[in-house]
Amino acid sequence: MTHRKKLLTGLCALLSGVGGAALATDSVPGELPRHELPPSKDGNLVLGLCDGETSLEVKGVKEGEPLSRAQALEVTSKLMEEWRRKNPDARWDVVAQAPAPKPPGPANPQGPRSPPAVAPTPQKPSAGKSNQAEGPTASSGAPGMAEKKDAHVQTGHTYGAFSQRDEELWAASTQAFVEEGNRVFHDADALGSKVAVSCDMCHPDAANTHPETYPKYQVQFGRVALLRDMINWCIENPVRGKPLADNDPKMRAMEAYIYAKRKGVPLEFGKH
Amino acid sequence: MRRGARVSWMLAALLCAGAASAEDPPKGAPPPKLPPGVSAILWKISVPPGREPTPEKVALGQKLFLDKRLSIDDSVACSTCHDPEKGFVDGLPVSEGVEKRKGMRNSPTVLNAMFNATQFWDGRAPTLEEQAKLPILNPVEMAMPSPEAVVAKVRGIPEYATEFQRVFGREVNFDDLASAIAAFERTQFSGNAPFDRFLLQGEEKALDASAKRGWALFNGKARCNECHAANATSPLFSDQKFHNIGIAAHKQDFVKLAQQGLRVVRTGDEKQIDELALQTEFSELGRFLVTKQDNDVGSFKTPTLRNIGITAPYMHDGSLATLWDVMDHYNKGGIANPFLDGGMQRLGLTEAELDDVVAFLFTLTDERYTKLNAKELARQRGRKNVRPERDTAVALGKKGSLGDIGFSPNVQVKNPADVGVYGDETSEGKTADKAKAPAK
């Protein structure tokens, strides 16, 4: 079993689990099913996990009362423990980072079929960096630019004539977008949580989000889901916020952040 | 509550003291307090390492910038055409140098010029330093005969002789003079406009309903963002590219002029191009003078739209008096010529929509020019019925065929500008952060 496959199996196990049972299976078409939480006898706060099944009563906190971040961290880790107890065989990867690139293998003994026609294109800044690298720095190409008069000569079609400066700005704009997603992902208030829960509590550094497997069938929904559908599912439970609109800038930024964390992982849409 | 206020005041004072006593920021770092409409990344990309403005250079540069003695007859300073009081422009169609000699181009603002990828309307200078030298030597501007003459004249002014020694540790020379002026110009960034308060700081009332509709049109039907794009990382409202939008086409035979021009500029150096650009009919060839490429005939740099309300008249030759004229020009798809940019199409904007886009453009003016902006808006509005560029029949598609007309966005349903067009920070997020701040 490859490393990746193990990770995916872990996710799959979490998402399918014993799932479905607690979900309203006869939901109205067009309306997504919901995770109905069992009410507490004492009116205590009940928090649900995103598997659509596991929930936990928070002793000493009434429904509607706010939680501190410390309390929320405690509750979410208990929820995770409970899920792990129920699913001892499921794998839950704790790092989001893409696997390190393989070192170049031995040269093809038979030699290439034909010589390459053109030199390989150097990686452009706008293509982003590996997720271990730092952001753009003051020295990412700017120094030489001003001196090179001819660098600004626009050749070919106006709209295709992009300079290093353009690419640096694109890369920086994208990075800013990802950073905003990072902020929202870690900010319970920004997510609209009433119980101080934020995404990072179950998904530190966006671990186990597996954006490369969407769209895919999600058992909780009983239908094919996009990444944003799953984000919204988690925003309802356990975050306890109001689902975001598809074009909400926070949603867009979080998607950017989650994808950025999996840079380099092959696209495996539909995979469980 | 009072005590709380006092404590936080003291805390703020302590923090300030800490900041003031801290050592100089690391080399190459932007100034600690940038306005919301200027990004640290843009600053870093735009300021070459080693050319960060220092207070001494800035003070000297400012003095030089305002000093008429840099011209042949002590009558023209940099600030003559780039008047700080008027948003660093002169308000004239084309600038006037010594003895009221006229050039061919409209003076662009120094505000945010430090962020330009190239300087001048045709981008013939790569840096502010290179740019600063050329007007001093141009016969229709400050008209000094040579760099040596400039240096000799400045050396003869005792205060400068000592000042240059103090700042640069050597005798006056032309490069240091230019770098002092450039240092001053690198402090003239501007990003404190009502638009910034609206979008980046979540102040809903900073823009009125008309300006908000204008922002939607800007990113939609009016297609301004195709060249005047901006986001939180690069909030300049300019792609820094060169486009032929047909401004001078009604008075030029571009093909013939380009053929003649090519013969002349084939061996041209920067100074020769500078003179052609300001003294001859070849000025209208624009970027072509620099690149000698056909597709650059009649194209000029996309200027920043920041402070556009106070920098009339418009275009490289100052031929359009108001922003309504500018909008009329674009609305009919520019003026046809063989080198017209492919992005130029009629827009089909109605009168009300034109008003909205103009209202939006006036929200891009820095707050230090609020009064001037209001005055300019009133003046331009007063000229709304003088519309030489207006051609409603073409603009609305009743005559000619210049392309497809976009649809008017219904901002009640969705404002296209809301969806990450400008930046990634939501007004909502900003407001939430602001509300949280005092609690911490």
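Residue numbering restarts at 1 for every chain, and letters A, B, ... go by the order of the sequence lines. Below, all heavy atoms of this structure are taken into account, side chains as well, without hydrogens, waters or symmetry copies.
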Write down the atom of K241(B), the atom of S163(A), and the distance for their closest heavy-atom approach. NZ-N, 4.5 Å
Counting only heavy atoms not in E65(A) (residues, nucleotides, ligands), do more than 12 fall under 6.0 Å from its CD? yes
How long is the gap from CG on D166(A) to OG on S234(B), to the nearest 0.5 Å? 8.5 Å
Salt bridge (charged side-chain N to carboxylate O under 4.0 Å, His left out) partners for D175(B), two or more places apart: K133(B)
For the NZ atom on K242(A), are there more than 12 heavy atoms of other groups (residues, nucleotides or ligands in this structure) within a distance under 6.0 Å? no
With a 4.5 angstrom heavy-atom cut-off, could you sort out which part of N116(B) is near chain A: side chain, backbone, both or neither? backbone
Applying side-chain contact (heavy atoms from CB on, under 4.5 Å), run through E168(A) and L42(B) and close with a yes or a no. CA-CA 9 Å; E168(A) 282 179 31; L42(B) 185 62; over 6 Å; no
To the nearest 0.5 Å, how far apart are CH2 in W170(A) and CG in N231(B)? 12.0 Å
